[in-house]
2 protein chains.
Amino acid sequence: MSTRSSWTSIRDEIKRRVQAREVLPGDKLPNDQELAQEFGCARTTVQRAMQELAATGTVVRRRKGGTTVAAHPVTRTTFDIPITRLEVEALGQDYGYFLVSQGIEQISRSAAASFGLQDQPEMLHVRALHLAGNRPYIYEDRWISQETVPEILDVDLTRESANEWLILNRPYSDCEVRFLAKKATPQEAELLETEAGEALFVMERTTWSDSAPITRVRAIAAPGYQLTARAK
Amino acid sequence: MSTRSSWTSIRDEIKRRVQAREVLPGDKLPNDQELAQEFGCARTTVQRAMQELAATGTVVRRRKGGTTVAAHPVTRTTFDIPITRLEVEALGQDYGYFLVSQGIEQISRSAAASFGLQDQPEMLHVRALHLAGNRPYIYEDRWISQETVPEILDVDLTRESANEWLILNRPYSDCEVRFLAKKATPQEAELLETEAGEALFVMERTTWSDSAPITRVRAIAAPGYQLTARAK
DNA sequence: GAGATTTTTAAGCATGGACATAATAATTTG
DNA sequence: CAAATTATTATGTCCATGCTTAAAAATCTC
């Protein structure tokens, strides 16, 4: 054939057919073998292309069932949420960190819900502020399981942020992320140097280590914060 | 033991080392050949694992340069944004749609900025409300390029939502997504049946077809809306 | 010594064959 | 006839091998 077919070009061609509606949602595509013949390549190459398309939600693959065009086109978007310090430094600003409060308390009902727990055990409750160039950037309200992460009780959180300590010392296996908007409470407004009632962007993250709860954090961003991504 | 395939377990093991800081950002990893030896598998298998890690930003690969741990560890999260009707139906609620206004106007400066345009051409401006079980769900404020999508002018938008028509008839090649929080304006508050000043969650999407602008939509969600995803 | 050229290295890709696995279809059995 | 068993099919994964390609390193040239 003309050019050596690469798995990426097969991927792009199938994607084009889907986007150009040459095949419709729900339609069955030829099987890998047949596509390999059409493109004049090995089945492995088609397999690699289809694996990618399945991962991005363009097609659905089922053993024996074959490959079908996804029934409901979705916009699949990928966001990278970095460690707050690195995010600030990437903006070229000085990073600052400030512990607001810490203590052992019975977790809130909403935190229990995030963990999927029926009861409300005691956990370490940490509130801290991240600064970018001396301006408040993100206020975090965090619960840390003292049962899963007992070492956290020995960490001096006035110096080191729980955000960073946990990522360094307690890698998670699962993570649930939630985005929402909320009005600033008077306390949040004061810390973020804005008005009570201002609309704030909230990123809530809950992490587990093999189904054992690690932490639940509400990262409340200062006004103006935006999260951007390009979908492909 | 895990029943997972070996390339995924190699991927997970390398990821673990990165997250557990056994290798630090910027560190060079052994080359594929050496890793294959360590894991007792073929280089192809390591290649597949590393390809994935490179795609998700954990690692950076350069020919000849080898593989290095990405400078900034991130939580990479994937969201699927479906057609609004399907989202509502998936909640088990009745979907409703209501056109608020439409007309040809010069686009707003912020819309022009989203498209990356210097000037502010005229586009079709559509405002519509999506309902879930007779309650307002999402209010969308949309600009559609009459140049790229002239057929849109013939569509009866009182019956069919632009959201759906575009996704089904004008697939995009590029999409930029932005999440933010904003206070409800009086008009938005009225449509969403809430108070002016309420904190609202906004999803802004701009799409192109091969660098030709298609649409820019601000989807403003009713209070309480949350976007959830599991990161891996 | 600066600039151009060659060498070497490590990732990138393709192949064909083999076996595993899940889901469906066909067949047997009580 | 329904339930259990077996066969079939398409995807999933792995491997050994060989070639391609980008980029760094070494070498050569003026």
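Numbers restart at 1 for each chain; the letters A, B, ... are given by sequence-line order, proteins then strands.
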Counterpart residues, side-chain hydrogen bond (donor to acceptor under 3.5 Å, both in side chains), relative to Arg17(A) (two or more places apart) = Glu13(A), Glu38(A)

Is Thr8(A) touching bases, backbone alone, or none of the nucleic acid, heavy atoms closer than 4.0 Å?
-> nothing

Arg178(A): salt bridge (Lys or Arg N to Asp or Glu O under 4.0 Å) partners, not counting sequence neighbours = Glu176(A), Glu204(A)

Take atom CD of Gln37(B) and atom C1' of dA16(D), then tell me their distance rounded to the nearest Å.
-> 15 Å

For Thr8(A), the side-chain hydrogen bond (donor to acceptor under 3.5 Å, both in side chains) test, sequence neighbours excluded, returns Ser6(A)

Are Phe79(A) and Phe79(B) close enough that their ring centers fall under 6.0 Å?
-> yes

Taking only the side-chain nitrogens and oxygens of Gln51(B), find out if one of them lies under 4.0 Å from OP1 or OP2 of dA11(C).
-> no

Provide, to the nearest angstrom, the distance between the CH2 atom belonging to Trp7(A) and the P atom belonging to dT15(C).
-> 14 Å

Between dT17(D) and Thr44(B), is there an OP1 or OP2 to side-chain N/O distance shorter than 4.0 Å?
-> no

Report yes if a side-chain nitrogen or oxygen of Thr67(A) is closer than 4.0 Å to either non-bridging phosphate oxygen (OP1 or OP2) of dT11(D); otherwise report no.
-> yes

Using side chain to side chain contact (heavy atoms under 4.5 Å, CB included) as the criterion, list what pairs up with Gln51(A), not counting sequence neighbours.
-> Gln47(A), Arg48(A), Trp7(B), Arg48(B)

Which part of the nucleic acid, if any, lies within reach of Gln33(B) when heavy atoms closer than 4.0 Å are counted: base, sugar-phosphate only, or nothing?
-> nothing

Between dA10(D) atom P and Arg48(A) atom CZ, what is the distance in whole Å?
-> 23 Å

Polar-atom pairs under 3.5 Å, protein N or O versus N or O of nucleotides 22-25 of chain D: list them with distances, or write none.
none

With sequence neighbours excluded, residues passing side chain to side chain contact (heavy atoms under 4.5 Å, CB included) with Asn31(B) | Gln33(B), Glu34(B)

Any Gln47(B) side-chain nitrogen or oxygen under 4.0 Å from OP1 or OP2 of dG12(C) = yes

Looking for any heavy atom pair under 4.0 Å, which part of the strands does Thr45(B) touch: base, sugar-phosphate only, or nothing?
-> sugar-phosphate

